[in-house]
Amino acid sequence: MSRLPTILIAMAIGATLAVGCSSPTEPGPISASLPAGPGDGTVARMALPRAPLGIAVADEGFAYITQPDHGFSGGTLARVDLKGRTVTATIPVGRVPSLVIFNAERTRAYVSNQWSDNIGIVDVASGTQIDTIPTVGDPFALALSPDGGSLLVTTNANRLFKIDLATKRILGSIALPATSHHILMAPRDESLLNLHDRFLYVATRDGGSVMEVNWRQMTVSRTFTLGGRPQDMAFSPNGEELYVANEVSNVLHVIDLATGTFTNIPLAGGGEGLALGNDGNAIYVGLVFAGAVQVIDRRDGETVRLIPVGGVPREIALDYTGRDVLVSNEDGWVDFIEPNDSLVPPPPPPPPPDTGYTRVGLSDGALGVAVSGDIAYVTRPYANMVARLDLRTNSVTPSFPVGNVPCYIVFNSTGTRAYEANQFSDNVSVIDVATNTQIATIPLTGDPLPVAISTDDHTLFVTTNANQLFKVDLATNTVTGSLALPATSHHLLTHPNGDLVYVATRDGGTVLEVNWHTMTVVRTFFLGARPQGMAIAADQSELYVANELSDVLHVITLSSGAITNVPLAGGGEGMSLGADGKLYVGEVFSGLVQVVDPATRTVVRTITMGGTPREVATDAERHHVLVANEGGWVDIIR
């Protein structure tokens, strides 16, 4: 949940609340004499509220688990008795605690208090936070040097810092290409490649790389370029290989540290948390967007189990026996998985794919889409262009230049003008539709992403990563008002009544109902997780909100504010109400579009699109729905 400037959704889709925040202290070699639960076919589950996240396990049989609560309250650490699987203490720390680690003696714990901009020092004997270490930026990942004298920490200043624990003084830092959510100290065993005295591995999440850092000299030795979004890491038992879970590429990277080459093991979804269990023979990978844990036999790379735990599995750690694993789940629990546990038998084969769509290729990724009459505009963020699509022939006519990283786009009611947010140009393009040219720009504070227009075409609404909603007078192209938001918004929707605009505060977990004339909040709907695309019922009685992490479609009854949920197969992002009265939801991590009947509140159709479905728009005249896909195409659903 970085508070850095929001980058293009493709780059910042995981900038959620502390996405992936713990790498517990690496255990020593695992003894075969340790007890191991045989697994009885079920996963033991312990309720733990306030969105548990980071885990650190002590050999004495207890664990510290962070409870960030999405920033809605002061953060806490839960002390969990691993034998009894009960919470024995709750320790107040800073705001949004993320990763937690113990020192070697388990006398101290260190927790990254993300929104307090400090590291909390916890005295284990008394169960209290006794001191803090200020940080430059929001701290995230933590590791201790082998001698216990230095703390390594990354923050959203995109730096790795080395801190002397005796003086709390920064000894050095390294610039990173992107924020890191996971770091890992090399094994301490001198027989394991002799790396223990030198190297720290830093996964630069949105940078798509893992950096091998000499932590003593604070220099980069090697960079492994993996692409996607590298998250948690673990070493093979002999220290010769580094395993890296990738949240976007849906693979587990296996890096040969001697040669620097890597191979990939397919995952059934985006991987975040990672740990080795069952005497080091099994790799447990949390599939954060799929609600599952994938278990891989390390020796042959074959998947042996796929455990559907539901919710949002985050971090994974070995329990004190060295064989079973703990999985924190943002939806409010911790799972304890034994070597042969599984929740359900393998799922049946999927039905034949739905082929009721036409695909129009683009040379690069598509993000925003808007329809007016016989044309659609599609933004091409990697080319800094907008494509014009002829809906009568399903063909792309011209593409024309706009600003840097064009994102969402909207037409006025007559189809004579379009307004498109240029994220890295910090402005909105004013497009003349007759000539397909940018004729003016509207400067803004911060990087803009969503745009919406009032029903009378006089006012444009835009949010930026300054966490502000701006209203713009389109007669003068000037900002005439603003409203502070609790978090960056990626989607806006104007109410047909001409008075209200709805703002989905993505990482804030809310939708704000705003009177845009006075720029005041009328109501706040608390949904949790990550609200994204919205639509309103034809009779204006209900507001529909896709949730990217909860895997549900929220249905808000506007008269009462009551909320009900429709389960989805994956996280929803873009959404549109079709001419058939059905809701079309793009599921960004699963490559699906699901069609929901709002009358019955059930999914009535699932379409496998592949790629990364982004924004969705309705072609009412032809009863089609358009889906922009970051994979490089637009699908037109019939």
Side-chain angles (χ1 to χ4, degrees), residues 5-15 178 205-208 225-229 246-251 270 289 357-371 376-389 394-410 418 420-425 429 431 436 438 447-451 465 490-491 506 532-533 546 548 570-576 584-593 607-617 625-637:
T6 303
I7 302 175
L8 170 65
I9 292 182
M11 305 173 190
I13 198 162
R205 202 190 68 146
D206 290 330
T225 302
L226 306 174
R229 186 181 290 165
N246 199 303
E247 189 179 71
V248 171
S249 300
N250 296 356
V251 297
F289 305 118
Y357 61 88
T358 300
R359 178 158 295 174
V360 180
L362 295 173
S363 58
D364 43 41
L367 181 58
V369 58
V371 172
Y377 275 164
V378 182
T379 61
R380 298 168 54 193
Y382 303 118
N384 297 334
M385 307 276 281
V386 171
R388 178 174 174 138
L389 178 61
N394 292 340
S395 60
V396 176
T397 46
S399 288
F400 53 92
V402 284
N404 194 5
V405 188
C407 294
Y408 296 168
I409 190 166
V410 65
E420 173 271 316
N422 298 307
Q423 192 176 112
F424 282 4
S425 295
S429 292
I431 298 169
N436 296 314
Q438 175 182 285
D447 304 344
L449 192 68
V451 288
N465 67 346
H490 283 186
H491 288 86
R506 201 189 70 142
Q532 290 276 27
E548 192 178 73
E573 182 176 312
M575 178 167 60
S576 184
Y584 290 73
V585 186
E587 296 175 7
V588 63
F589 305 115
S590 57
L592 301 176
V593 170
I607 311 165
T608 302
M609 324 297 302
T612 306
R614 289 297 185 186
E615 295 309 293
V616 183
V625 171
L626 281 68
V627 182
N629 198 299
E630 194 180 325
W633 62 82
V634 176
D635 287 316
I636 302 174
I637 300 173

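Start at 1 with the first residue, then count along the sequence.
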- Are Y408 and H491 side-chain neighbours, meaning at least one heavy-atom pair lies under 4.5 Å?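 Yes. Closest side-chain heavy atoms under 4.5 Å.
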
- Item | V402 side chain reached by I431 side chain, heavy atoms, under 4.5 Å |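 In contact.
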
Can you tell me how far [atom2] of [Y] sits from [atom1] of [X], rounded to the nearest 0.5 angstrom?
| X | Y | atom1 | atom2 | value |
| --- | --- | --- | --- | --- |
| M385 | T379 | CE | OG1 | 12.0 Å |
| N384 | S425 | CG | OG | 7.0 Å |
| T397 | L389 | OG1 | CG | 7.5 Å |
| E615 | L367 | CD | CG | 6.5 Å |
| D447 | Q423 | CG | CD | 5.5 Å |
| Q532 | M575 | CD | CE | 10.5 Å |

Checking [Y] against [X]: is there a side-chain donor and acceptor pair closer than 3.5 Å?
| X | Y | answer |
| --- | --- | --- |
| R229 | S249 | no |
| N422 | N404 | no |
| Y382 | E630 | yes |

Looking at every non-hydrogen atom in both residues, tell me the closest pair between [X] and [Y] and how far apart they are.
| X | Y | result |
| --- | --- | --- |
| G368 | I409 | C-CG2, 4.3 Å |
| G403 | S429 | N-OG, 4.1 Å |
| P613 | G586 | CB-CA, 4.3 Å |
| M609 | W633 | O-CZ2, 3.6 Å |
| V634 | A628 | CG2-CA, 4.5 Å |
| G570 | S590 | CA-OG, 4.2 Å |

- Message: As a test of understanding, state which of L626, V396, V378 forms a side chain to side chain contact (heavy atoms under 4.5 Å, CB included) with V360.
- Response: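 Of L626, V396, V378, side chain to side chain contact (heavy atoms under 4.5 Å, CB included) with V360 is met by V396 alone.
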
- Among N629, T608, V625, I637, side chain to side chain contact (heavy atoms under 4.5 Å, CB included) partner for V593: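 Answer to the side chain to side chain contact (heavy atoms under 4.5 Å, CB included) test with V593 among N629, T608, V625, I637: I637.
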
- For this output row, return yes or no: ring centroids of Y377 and F400 closer than 6.0 angstrom.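 They qualify: ring centres under 6.0 Å apart.
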
- For G270, does its backbone N or O pair with a side-chain atom of N250 as donor and acceptor, under 3.5 Å?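 It does hold such a pair.
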
- Task: Mark yes or no for whether R380, through its side chain, and V405, through its backbone, hold a donor-acceptor pair below 3.5 Å.
- Result: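 Looks like no, no N/O pair under 3.5 Å.
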
- Decide yes or no on side chain to side chain contact (heavy atoms under 4.5 Å, CB included) for E573 and E587, but give the supporting numbers first. CA-CA 6 Å; E573 182 176 312; E587 296 175 7; over 6 Å; no

- Message: Go through it in stages, so that I can follow the logic: the residues are N394 and I636, the test is side chain to side chain contact (heavy atoms under 4.5 Å, CB included), and I'd like the CA-CA distance, side-chain angles, deciding distance and then a yes or no.
- Response: CA-CA 8 Å; N394 292 340; I636 302 174; 3.2 Å; yes

- Query: Given the rule in the side chain to side chain contact (heavy atoms under 4.5 Å, CB included) test, do H490 and E548 qualify, once you have shown the distances and angles that lead to the verdict?
  - Reply: CA-CA 11 Å; H490 283 186; E548 192 178 73; over 6 Å; no

- For E420 and V386, run side chain to side chain contact (heavy atoms under 4.5 Å, CB included): C-alpha distance rounded to whole Å, both residues' side-chain angles, the deciding distance at 0.1 Å, then the answer. CA-CA 9 Å; E420 173 271 316; V386 171; 4.3 Å; yes

